[in-house]
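Accompanying notes for the structure given below.
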2 protein chains.
Amino acid sequence: MSPTPVDIRPLRADAARNRARVLEAARELMGARGVEVGMEEIARQAGVGVGTVYRHFPNKEALISALAEDRFARIAAVLTEALEDPDPWHGFETMMRRTAEIHVADRALSEVMRNHGDAMQAAAEKYGVPELNERLIERCKAAGAIREEVHHGDIPMIMCGVGIATCSAAGRLAGEDGWKRYLEYVLEGMRAG
Amino acid sequence: MSPTPVDIRPLRADAARNRARVLEAARELMGARGVEVGMEEIARQAGVGVGTVYRHFPNKEALISALAEDRFARIAAVLTEALEDPDPWHGFETMMRRTAEIHVADRALSEVMRNHGDAMQAAAEKYGVPELNERLIERCKAAGAIREEVHHGDIPMIMCGVGIATCSAAGRLAGEDGWKRYLEYVLEGMRAG
DNA sequence: ACGCAAACGGAATCTCGATTCCGTATAGTA
DNA sequence: TACTATACGGAATCGAGATTCCGTTTGCGT
């Protein structure tokens, strides 16, 4: 029972370049318009044919997952940094603001958290996001800085809500800075005391 | 230039019955699974053929609009009642809880507020929802019960966020009552003082 | 009971985006 | 330079859901 010896040879130079271009095009287009953008359009923007997109990602879901991993890696970094803040609440608050910014700048991210549960779960766990969230919350509770009833599972829910509401038709009624106020309400409400 | 004399004759009895059945089927299915349910399925559940659905609603969007009107009428009623509460803040808080419940029970509603801007705007305005929201907020501000920076356009944004986050994959992580905590945070954060 | 406009059912069609296929091009190697 | 495994482009195919069409049925006024 030796580990399956998957033949990992380096990608040919052009292939590596194209893969990167596809990812960047997908990030840009999906970030702006959501996961609904078509594979053809992504290919065009990347300057390759659709066939090439499918050579690198077996299907759309795989492409979305690759992007999700990227985002969760970033979120994990934000969480890790927050854990290093000497002031638990300040760390938490900063984390929430930065994470919200990531969501607001990338429309597809919230959509993944809404509809692609598997991709999200996998990406989040890969970077230890759930545990980091839990540690951050627990640390705040220990310091008496956050309400006792806050559940670490609330964080992704709230981020998904803020992110989606922002790019929604309803969100446009609240104006450009709507999401900032929204987030302030939530933060103020989570704070202890 | 007489007003166009649209021939409004009463629907034949069977037609009226079928129209109601289609609406009810759509309400039930879309409420549970979102606007993505197919027209064929709605027809089946209503016990009619697809052709009949299209006789009553020229296209899917029209059917969605009809449902949206229904919901906004309900929301308008909740707002009106809230305005009659002698305690401005209590009225506001109650309105938020009831409205959130309507959203949580009807998955399609938040989706309309997210993606079908036109249908939403039309339905909301038809029942005076924007003005009611504004009056409610202003009344709270006058009583010093709500933060000054709260904008009446924040309400639909927040409801859309809570509603969508609730039925999202991320929302499931927060458990059954996740949305209630979410709403509490927001309310607490909007309150003055 | 009769006649016909109003309704019906549901197969056929249309649309559009995802995915596959295969002939051609080329990086890397001897 | 010649060779071949890789990679490429994009037309063709699939599939799912929305919408149309038309032959049949039915409510209801006479």
Side-chain angles (χ1 to χ4, degrees), chain A residues 5-26 28-30 32-68 107-108 111-112 115-116 118-119, chain B residues 5-26 28-30 32-68 107-108 111-112 115-116 118-119:
Chain A
V6 189
D7 182 7
I8 302 277
R9 70 184 62 186
L11 282 177
R12 223 168 73 174
D14 55 345
R17 178 165 34 77
N18 282 334
R19 185 178 204 283
R21 282 184 183 172
V22 168
L23 275 175
E24 187 185 323
E28 183 170 334
L29 293 176
M30 289 185 163
R33 309 209 323 261
V35 295
E36 62 144 43
V37 290
M39 295 296 261
E40 310 261 9
E41 190 174 353
I42 291 173
R44 203 176 325 127
Q45 164 103 3
V48 304
V50 241
T52 299
V53 173
Y54 280 92
R55 169 170 323 289
H56 294 292
F57 304 94
N59 51 49
K60 193 172 182 176
E61 191 67 22
L63 175 55
I64 291 174
S65 291
L67 292 180
R107 177 160 180 166
E111 287 179 359
V112 166
N115 302 116
H116 305 254
D118 295 342
Chain B
V6 188
D7 182 7
I8 301 276
R9 68 185 67 186
L11 282 177
R12 227 168 70 175
D14 55 345
R17 177 165 36 74
N18 282 333
R19 187 189 149 86
R21 283 185 179 169
V22 168
L23 275 174
E24 186 184 324
E28 183 170 334
L29 293 176
M30 289 184 165
R33 311 211 319 266
V35 294
E36 63 144 40
V37 289
M39 295 296 261
E40 309 261 9
E41 190 175 354
I42 290 172
R44 202 177 323 127
Q45 165 101 5
V48 303
V50 241
T52 298
V53 174
Y54 279 93
R55 169 168 322 287
H56 293 293
F57 305 95
N59 51 50
K60 194 172 183 177
E61 191 68 20
L63 176 54
I64 291 175
S65 291
L67 292 180
R107 177 160 179 165
E111 287 179 358
V112 166
N115 302 115
H116 304 254
D118 294 341

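The sequence lines fix the lettering, A, B, ..., with proteins before strands; numbering per chain opens at 1. Computed from a predicted structure; not experimentally measured.
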Determine: side-chain N/O of [X] to OP1/OP2 of [N], distance under 4.0 Å, yes or no.
X	N	value
H56(A)	dA7(D)	no
N18(B)	dA7(C)	no
T52(A)	dA7(D)	no

(request) By nearest nucleotide on DNA chain C, pick out whichever of G51(A) and V53(B) is the more 5' one. (result) V53(B)
(message) On DNA chain C, does the nearest nucleotide to R17(A) precede the nearest nucleotide to G47(B) from the 5' side, or the other way round? Give the residue.
(response)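 Final value for this comparison: G47(B).
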(message) How close do R107(B) and R33(B) get, counting heavy atoms only, and between which atoms?
(response)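 It is CD-C, 3.9 Å.
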(message) If you compare all heavy atoms of V112(B) against all heavy atoms of I64(B), which two are closest, and at what distance to 0.1 Å?
(response)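 Taking every non-hydrogen atom into account, CG2-CG2, 3.5 Å.
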(message) The criterion is side chain to side chain contact (heavy atoms under 4.5 Å, CB included); which residues satisfy it with T52(A), sequence neighbours excluded?
(response) N18(A), V48(A), H56(A)
(request) Would you indicate which nucleotide in dG9(C), dA7(D), dG9(D) comes nearest to any side-chain atom of V48(B)? (result) dG9(C)
Each nucleotide N or O in nucleotides 17-19 of chain D that has a protein N or O under 3.5 Å away: list the pair and distance.
residue, atom, partner, partner atom, Å
dA18(D), OP1, K60(B), NZ, 2.4
dA18(D), OP2, M39(B), N, 3.0
dT19(D), OP2, Y54(B), OH, 3.0
dT19(D), OP2, K60(B), N, 3.0

Show each protein N/O and nucleotides 22-26 of chain D N/O combination with a separation under 3.5 Å, one pair to a line.
residue, atom, partner, partner atom, Å
dT26(D), O2, R12(B), NH1, 3.3

(request) Would you confirm whether E111(A), through its side chain, and G34(A), through its main-chain N or O, come within 3.5 Å as a donor-acceptor pair? (result)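 Judged by distance alone, no pair lies under 3.5 Å.
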